[in-house]
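Numbering starts at 1 and runs along the sequence shown. Heavy atoms only: backbone and side chains are in, while hydrogens, waters and symmetry mates are out.
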Amino acid sequence: THTEGLVVQFYPDRGDPWIGNFQRGGLRFDGVYKHPNGEDALIIAGGEGYIVNPESRDRVSSLNGWIQSVHVLAGGELLILSLQDLLFEALDLEGCLWRTRRLSYDGFRNVVVTEREIVGVGWSYFDDGWHRFNVDIQTGRSEGGACEPEDAGQDERLDR
């Protein structure tokens, strides 16, 4: 209420420039990205995600909060979001392409994102250890990770 969020100025192809003020979440991660659909913008304000159409000034949708990082792949046609550093979600021109199962109980380390895969380690409270995982960029299918099977699959979405 009456606090400054992330302030972004838009320069639409048609019409005058305008300014949006996006409410921040509880993280320190901010960013502005071109959406893979080529029309919208993805705004991350303190981990909260907003998809906005700069031409119409409409908020198209909101994304789950706690976005820790965004990786731009395929010349901007694919965005990989790290959600709470527990799982990943891929956005393409149609929206959510896939979401992995939970890969960690409390954060990632050593994450490397390439055009083909995501590799890293996730933490397990069962053994207080770090466990390697990998994710196929095309399908979202994952192997490894720190979570037990009964906990890991609740968020997974491998098809639209």
Side-chain angles (χ1 to χ4, degrees), residues 5-8 10 20 22-52 54 59-160:
L6 177 66
V7 177
V8 178
F10 295 93
F22 297 88
Q23 184 175 341
R24 292 181 182 277
L27 301 178
R28 294 182 185 203
F29 180 64
D30 296 329
V32 179
Y33 302 88
K34 186 173 187 174
H35 192 284
N37 68 17
E39 296 176 11
D40 300 326
L42 170 62
I43 313 300
I44 310 295
E48 290 293 322
Y50 305 92
I51 298 176
V52 176
R59 180 167 66 180
V60 177
S61 65
S62 298
L63 300 176
N64 293 332
W66 301 98
I67 299 170
Q68 300 277 123
S69 64
V70 176
H71 302 271
V72 180
L73 299 178
E77 294 181 6
L78 186 67
L79 300 178
I80 304 295
L81 313 177
S82 173
L83 305 180
Q84 295 182 306
D85 276 353
L86 302 176
L87 56 116
F88 295 96
E89 184 173 303
L91 295 178
D92 69 1
L93 67 111
E94 296 180 29
C96 180
L97 176 62
W98 50 256
R99 179 181 294 162
T100 66
R101 63 184 174 82
R102 187 173 184 161
L103 299 168
S104 178
Y105 285 107
D106 192 14
F108 293 144
R109 284 190 183 169
N110 306 325
V111 174
V112 176
V113 180
T114 69
E115 297 288 330
R116 297 187 65 205
E117 69 178 349
I118 304 167
V119 295
V121 293
W123 183 79
S124 172
Y125 67 81
F126 289 111
D127 62 4
D128 193 23
W130 293 91
H131 299 266
R132 180 180 165 83
F133 64 80
N134 66 300
V135 179
D136 182 288
I137 291 292
Q138 296 298 316
T139 65
R141 293 195 190 288
S142 58
E143 294 179 359
C147 294
E148 296 297 312
E150 60 271 10
D151 297 332
Q154 297 166 351
D155 296 312
E156 187 175 56
R157 190 169 78 196
L158 298 179
D159 56 23
R160 293 189 198 280

query = Using 30° and 60° as the class limits, which term best fits the ring planes of Y105 and F126: parallel, tilted or perpendicular?
reply = perpendicular

Could you work out, with side-chain contact (heavy atoms from CB on, under 4.5 Å) as the rule, every residue matching [X], not counting sequence neighbours?
X: S62; result: Y50, R59
X: D127; result: S124, H131
X: W66; result: L27, Q84
X: E143; result: N134

Going from [atom1] on [X] to [atom2] on [Y], what distance comes out if it is rounded to the nearest 0.5 angstrom?
X: I43; Y: H35; atom1: CD1; atom2: NE2; answer: 11.0 Å
X: W98; Y: L78; atom1: CH2; atom2: CG; answer: 7.0 Å
X: Y33; Y: L79; atom1: OH; atom2: CG; answer: 8.5 Å
X: L103; Y: L83; atom1: CG; atom2: CG; answer: 11.0 Å
X: L81; Y: H71; atom1: CG; atom2: NE2; answer: 9.0 Å
X: L86; Y: D106; atom1: CG; atom2: CG; answer: 7.0 Å

key: Donor-acceptor under 3.5 Å (T100 side chain, L87 main chain)   = no

inquiry  = In the structure I gave you, are the side-chain heavy atoms of E77 and L93 within less than 4.5 Å of one another anywhere?
reply    = no

query = Do F88 and V111 have side-chain heavy atoms sitting under 4.5 Å apart?
reply = yes

So, for [X] and [Y], which heavy atoms are closest and what is the spacing to 0.1 Å?
X: R101; Y: G145; result: NH2-N, 4.5 Å
X: G49; Y: I44; result: CA-CD1, 4.0 Å
X: E89; Y: L91; result: OE2-CD2, 3.8 Å
X: E117; Y: I137; result: N-CG1, 3.3 Å
X: V121; Y: R132; result: CG1-CA, 3.7 Å
X: D128; Y: W123; result: OD1-NE1, 2.8 Å

Under the side-chain hydrogen bond (donor to acceptor under 3.5 Å, both in side chains) test, residues paired with S104 that sit two or more places apart = none

inquiry  = The criterion is side-chain hydrogen bond (donor to acceptor under 3.5 Å, both in side chains); which residues satisfy it with N110, sequence neighbours excluded?
reply    = none

task = Decide side-chain contact (heavy atoms from CB on, under 4.5 Å) for L42 and L63; before the verdict, give the C-alpha distance in whole Å, the side-chain angles of both, and the deciding distance to 0.1 Å.
result = CA-CA 9 Å; L42 170 62; L63 300 176; 3.4 Å; yes

ask   = Which pairs count as salt bridge (charged side-chain N to carboxylate O under 4.0 Å, His left out) when at least one residue sits in residues 25-50, sequence neighbours excluded?
value = R24-D30

task = Could you pull out all residues at least two apart from F10 that satisfy ring-ring contact (aromatic ring centres under 6.0 Å, His included)?
result = W18

query = Do other residues, nucleotides or ligands put more than 12 heavy atoms under 6.0 Å from the CD atom of Q138?
reply = no

